[in-house]
Colleague: 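Before I ask anything, here is the structure I am working with.
Given the structure is predicted, the values throughout are model-derived calculations rather than measurements.
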Amino acid sequence: MTDIRIPDSIKPVDGRFGSGPSKVRPEGVESLSAVSRTFLGTSHRQRTVKDQVARLRRGLAEFFAMPEGYEVVLANGGTSAFWEVATFGLVRDRAQFAEFGEFGAKFAKAVKDAPFLAEPTVHRAPGGQAAFLEAEAGIDVYASVHNETSTGVAVPVRRVEGADQGALLLTDATSGGGSLDVDLRETDVYYLAPQKALGSDGGLWMALMSPAAIERAFEIKASGRYIPQFLDLVTAIEQSRLEQTYNTPALATVFLAAEQLDWMNAQGGLSWAVKRSAESAAVIYGWAEKSSYATPFVTDPVLRSAAVATIDFEGVDAAAIAKVLRANDIVDTEPYRKLGRNQLRVALYPTVEPSDVAALTACVDYVAERL
């Protein structure tokens, strides 16, 4: 299989289609290299690094049109750490989850396993479909995923009608933030990581938090609940206000994410990014719908993600296609391993050129014919 050579004339200019870690723009790496001698290997308590943290926070606030009173909070650990942060620092007693993929399930498990919290309510849907939140008495935190990275299902960000007064909505935007439209007034915490649409490396979590969410964090901390220092949300809030993280961050990650946000804001911000991702989505879903052997995994067009596309295959081995693509420097099209389907998964983040997505489909056709 690896002897199949795809003609250079039909290959994408950049063959990186990973859903995370995702494509990092070469221009960002060049900018990092230009400042490496004065930035990399320096103290994160000094102005050199604080300026970049401030740039990252400003970029997020501008890109997402952050409402008045909201704050950008960040700390080390990625989204997996933030699930634990929220478990300790935002859920007062009872939470409800909309679970329709691997990543929504992980947050729900963190809350379920917490001995100091009540049993959560979980609305589940199988892979390729969506589950939704419903108003329930006694729930103080609702949690859903904007884009399920494992399945390619996306749902709108919308407050739960009829929820108890003061209940918070937490939205996992790890892979949706930056590719999908959002009005932050519809949620209290919109949290994401830099290795997806922000075109950087991993290692940070970033959350755009409403005044109500910030107040909740301080309330729980004041209650005396035990909170591990690394997972202390109040510490993260206070450190972010100082333009720094509590623990030493990966400086390259901070810089590359800030650089990406500056680039996207210069292109037109969130509206530009959403349009660009939608263009790539139209290319790959349109190709799959016309194909004799490929179909979109998500059958409902309304739920199909413009951040991550999952395409099922029939009569040809998708793993074999991915292997040939990788041998030809077209990488990270493999499906999410636990989903266990004969499919490819393709990132459609703003960093990815729609023309490269079109070239990818041509390469898949070329390989499939020869397999």
Side-chain angles (χ1 to χ4, degrees), residues 19-20 75 77-164 166-177 180 182 186-193 196 205-207 209 213 216-217 220 225-228 230-231 233 298 303 305 307-308 310 336-340:
S19 297
T79 300
S80 295
F82 187 78
W83 293 326
E84 305 296 339
V85 168
T87 299
F88 277 98
L90 287 173
V91 182
R92 185 187 290 130
D93 182 47
R94 290 195 62 215
Q96 183 187 122
F97 295 88
E99 178 188 312
F100 47 96
E102 183 71 18
F103 297 97
K106 288 182 177 181
F107 187 11
K109 185 178 187 304
V111 170
K112 183 179 178 64
D113 290 346
F116 51 88
L117 296 177
E119 184 75 9
T121 299
V122 182
H123 298 289
R124 293 185 176 89
Q129 300 179 33
F132 297 93
L133 301 167
E134 299 176 3
E136 179 183 356
I139 296 296
D140 59 84
V141 162
Y142 292 88
S144 186
V145 177
H146 196 182
N147 182 84
E148 180 50 64
T149 319
S150 64
T151 64
V153 171
V155 298
V157 176
R158 196 172 295 133
R159 289 195 179 274
V160 180
E161 187 175 351
D164 287 356
L168 302 178
L169 175 61
L170 279 54
T171 303
D172 184 340
T174 302
S175 60
L180 306 179
V182 64
E186 290 290 329
T187 187
D188 291 292
V189 183
Y190 192 71
Y191 61 94
L192 64 161
K196 308 286 186 176
W205 62 257
M206 298 161 285
M209 299 180 61
R216 173 74 65 82
I220 290 177
R225 175 185 291 177
Y226 167 70
I227 303 174
F230 181 73
L231 304 174
L233 182 53
V298 181
L303 298 178
S305 170
V308 175
T310 47
Y336 188 72
R337 60 192 183 281
K338 290 186 179 180
L339 196 59

Colleague: What distance do Y142 atom OH and L133 atom CG have between them, rounded to the nearest 0.5 Å?
Modeller: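 That separation rounds to 8.0 Å.
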Colleague: So how far is it from K112 NZ to F97 CZ, rounded to the nearest 0.5 Å?
Modeller: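 Answer rounded to 0.5 Å: 11.0 Å.
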Colleague: How far apart are the closest heavy atoms of G127 and T151, and which atoms are they?
Modeller: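 Of all heavy-atom pairs spanning G127 and T151, the closest is CA-CG2, 4.0 Å.
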Colleague: Could you tell me whether the side chain of D164 and the main chain of G138 form a donor-acceptor pair under 3.5 Å?
Modeller: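 Indeed, once roles are kept as given, a pair shorter than 3.5 Å links the two residues.
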Colleague: Is the closest side-chain heavy-atom distance between F103 and W83 below 4.5 Å?
Modeller: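 Answer yes - side chains close enough.
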Colleague: Say you draw a straight line from CZ of R92 to CD1 of I139; how long is it, rounded to the nearest 0.5 Å?
Modeller: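 If I round to the nearest 0.5 Å, the distance is 12.0 Å.
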Colleague: Got a second to check how far F107's CZ is from T87's OG1, nearest 0.5 Å?
Modeller: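 F107 CZ to T87 OG1: 5.0 Å, rounded to 0.5 Å.
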Colleague: Please step through side-chain contact (heavy atoms from CB on, under 4.5 Å) for the pair F116 and R225, ending with a clear verdict.
Modeller: CA-CA 9 Å; F116 51 88; R225 175 185 291 177; 3.7 Å; yes
Colleague: Among L90, L168, T171, exactly one meets side chain to side chain contact (heavy atoms under 4.5 Å, CB included) together with V189. Which residue is that?
Modeller: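 In the set L90, L168, T171, the residue that makes a side chain to side chain contact (heavy atoms under 4.5 Å, CB included) with V189 is L90.
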Colleague: Measure across L117 and V91 and return the closest heavy-atom pair with its distance rounded to 0.1 Å.
Modeller: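 The answer is CD2-O, 3.5 Å.
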Colleague: Hey, are the side chains of F100 and R124 touching, using non-hydrogen atoms and a 4.5 Å cut-off?
Modeller: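 Of all side-chain heavy-atom pairs linking R124 with F100, none is under 4.5 Å.
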Colleague: Compare all side-chain heavy atoms of H146 with those of Y190 and state whether any distance is below 4.5 angstrom.
Modeller: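 Yes, at least one pair of side-chain atoms sits under 4.5 Å.
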Colleague: Heavy-atom distance under 4.5 Å between the side chains of S150 and L339, does that happen here?
Modeller: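 SC-SC contact between S150 and L339 ruled out.
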Colleague: Just verifying a value: how many Å separate Y191 OH and L170 CG, rounded to the nearest 0.5 Å?
Modeller: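 One finds 6.5 Å between OH of Y191 and CG of L170.
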Colleague: Please tell me if the side chains of T310 and V298 come closer than 4.5 Å, counting only heavy atoms from C-beta onward.
Modeller: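 The answer is yes; the side chains approach within 4.5 Å.
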Colleague: Using the side chain to side chain donor-acceptor pair (under 3.5 Å) rule, pick out the option among Q96, E134, E136 that qualifies with T121.
Modeller: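 The residue from Q96, E134, E136 that satisfies side chain to side chain donor-acceptor pair (under 3.5 Å) with T121 turns out to be E136.
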Colleague: Any carboxylate oxygen within less than 4.0 angstrom of a Lys/Arg side-chain nitrogen, looking at R159 and E186?
Modeller: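 The answer is no: the pair does not qualify as a salt bridge.
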Colleague: G128 and V153: which non-hydrogen atoms are nearest, and at how many Å?
Modeller: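 Scanning both residues completely, I find the closest heavy atoms to be C-CG2, 3.6 Å.
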Colleague: Can you find a heavy atom in the side chain of Y336 that is under 4.5 Å from one in the side chain of E102?
Modeller: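 The answer is yes, as the side chains (C-beta and beyond) meet within the 4.5 Å cut-off.
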Colleague: Salt bridge between D188 and R216, side-chain N to carboxylate O under 4.0 Å?
Modeller: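 Here D188 does not pair with R216 in a salt bridge, since their nearest N and O are not under 4.0 Å apart.
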Colleague: For the residue pair L192 and A173, what are the closest heavy atoms and their distance?
Modeller: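 Smallest heavy-atom distance, with atoms named: CB-O, 3.4 Å.
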Colleague: Under a plain distance cut-off of 3.5 Å, with no hydrogens placed, do T149 and S19 share a side-chain donor-acceptor pair?
Modeller: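 Absent: no donor and acceptor within the cut-off.
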Colleague: Once you round to the nearest 0.5 Å, how far does CZ of F88 lie from OH of Y226?
Modeller: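 Those atoms lie 6.5 Å apart.
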Colleague: Kindly give the heavy-atom pair with the smallest separation between G176 and A307, and that separation in Å.
Modeller: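 What the structure gives for the nearest pair is CA-CB, 4.5 Å.
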Colleague: How far apart are the closest heavy atoms of A125 and A131, and which atoms are they?
Modeller: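 Reported closest heavy-atom pair: CB-N, 3.7 Å.
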Colleague: Run the side-chain contact (heavy atoms from CB on, under 4.5 Å) test on V308 and K196 for me, step by step, so that the C-alpha distance in whole Å, both residues' side-chain angles and the decisive distance to 0.1 Å come before the verdict.
Modeller: CA-CA 10 Å; V308 175; K196 308 286 186 176; over 6 Å; no
Colleague: Output yes when a side-chain donor or acceptor of S305 lies under 3.5 Å from a complementary backbone atom of N147, and no otherwise.
Modeller: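 Side chain of S305 to backbone of N147, a donor-acceptor pair under 3.5 Å: no, none is there.
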Colleague: Could you check whether R94 pairs with E119 (Lys NZ or Arg NE/NH1/NH2 to Asp/Glu carboxylate O, under 4.0 Å)?
Modeller: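 Result for this pair is no, no salt bridge flagged.
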